[in-house]
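Residue numbers start from 1 in every chain, and the chains themselves are labelled A, B, ... in the order their sequence lines are given, proteins ahead of strands.
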Protein chains: 2
Amino acid sequence: MDLMNIGKIIQFHRKQAGLSQKELADLAGIGKTAVFDLEKGKSNFRIETLLKICSILNIELDFQSPIIKHWSKNES
Amino acid sequence: MDLMNIGKIIQFHRKQAGLSQKELADLAGIGKTAVFDLEKGKSNFRIETLLKICSILNIELDFQSPIIKHWSKNES
DNA sequence: AAGTTTTTACTGCTTTTGCGGTAAATATTG
DNA sequence: CAATATTTACCGCAAAAGCAGTAAAAACTT
C-alpha cells in the first residue's frame, strides 16, 4: 500500500462521489478534521478511521503475500 | 480487508517466519505490546503500526475499487 | 460582484494507542 | 523433570488521534 498516496486516493474517490469533506465525514461517522487531515497528507491515523471512509467510498483493502493462500481461518 | 482476521493473519505469517512476538516487534521497531494486542484481536490501531509489521512479514496491502484505474498521482 | 459553499487552518480538549516494566501462565527444550 | 523461552496480562505514563468550534481563505454559483 502506498501510504504516501492514501490521502489523494481518498480525495479522488470522494470527489467522484460528489461529496464534500463534511458529507463524507458524516456518512463515515467521523469528524471533519479526520477527513481533512487524511487528505492533507497526514500519514498516521487509526485503521478504523480509514476503513470507515473506504467503506463509504466503496474502496476495498486486500492483503497480498506469497503464503497467504496457505492460511485459513480455522488454523491455529 | 477482513479486519476481524488481521491479528490471525499476522500471527500466521509471524510463525511461518519463525519469529517470536518480541523479535517481530524489534524488527518492526514497535513495542511488544502492540504485536500482542494486534494478534489478540484488538481491532483498532495506527496504520503505521500495521504497515511496519506487514513490511517485515512481506505482506502487502492493496486498494481495490471500481474507479481506481482512473486515478493517477498527477491528478488534482 | 455578491453570496454561498467548501476547504484550510488553528485551538483546546477527550479518548485511545503505544510504550516499557513486571509477573504469572503456558510452551518448549535439554 | 528442570531450565529456558514465549505468551498472556496487567499497570501507569507519554504521545498521538480525533473531536467540535471557530474563522479566514479559496472555490463555486447566481
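- Residue A:Phe36 contributes atom CZ, which lies 18 Å from atom P of D:dG21 at whole-angstrom precision.
- The side-chain heavy atoms of B:Lys22 and B:Lys32, taken from C-beta on, include a pair separated by under 4.5 Å.
- Rounded to whole Å, atom P of D:dT6 lies 13 Å from atom CG of B:Leu24.
- Here the closest heavy-atom approach between residue B:Glu48 and residue A:Ser43 is recorded as OE2-OG, 3.1 Å.
- The A:Ser20 side chain lies nearest to C:dT7 when the options are C:dA9, D:dA9, C:dT7.
- In this structure, A:Lys52 places its NZ atom 16 Å from P of D:dA17, rounding to the nearest Å.
- A salt bridge is defined here as a Lys NZ or Arg NE, NH1 or NH2 lying under 4.0 Å from an Asp or Glu carboxylate O, and A:Arg14 with A:Glu23 fails to meet this definition.
- For A:Leu38 and D:dA16, the CG to C1' distance is 16 Å, given to the nearest whole Å.
- Atom pair B:Phe45:CZ and C:dC19:C1' shows a separation of 17 Å (rounding to whole Å applied).
- In this structure, of D:dG21, D:dA17, C:dT17, it is D:dG21 that holds the atom nearest to the side chain of A:Thr33.
- A sub-4.0 Å separation between OP1 or OP2 of D:dA17 and a side-chain N or O of A:Thr49 is absent.
- Counting only heavy atoms from C-beta on, A:Lys32 has its side chain closest to C:dA9 among D:dA17, C:dA9, D:dC19.
- Nucleotide D:dT7 holds its C1' atom 12 Å from the NZ atom of B:Lys8, rounded to whole Å.
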request  = Please lay out, stage by stage, how A:Ser65 and B:His13 fare under the test side chain to side chain contact (heavy atoms under 4.5 Å, CB included).
outcome  = CA-CA 9 Å; A:Ser65 93; B:His13 283 77; 2.6 Å; yes

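- Side-chain proximity of A:Lys40 to D:dA9, C:dT17, C:dA9: nearest is C:dA9.
- Shortest non-hydrogen contact noted between B:Ile56 and B:Leu27 is CD1-O, 3.5 Å.
- At the heavy-atom level, A:Asn44 lies under 4.0 Å from the strands shown only through sugar-phosphate atoms.
- Considering only side-chain N and O atoms, A:Gln21 lies nowhere under 4.0 angstrom from the phosphate OP1 or OP2 of C:dT5.
- Of the candidates C:dT8, D:dA9, C:dT15, C:dT15 carries the atom nearest the A:Arg46 side chain, counting heavy atoms from C-beta on.
- Going from atom CD of B:Glu48 over to atom C1' of D:dA17 covers 12 Å, rounded to whole Å.
- For B:Gln11 and C:dA27, the CD to C1' distance is 14 Å, given to the nearest whole Å.
- Contact between the side-chain N/O atoms of A:Arg14 and the OP1/OP2 oxygens of C:dT6 is not found at any separation under 4.0 Å.
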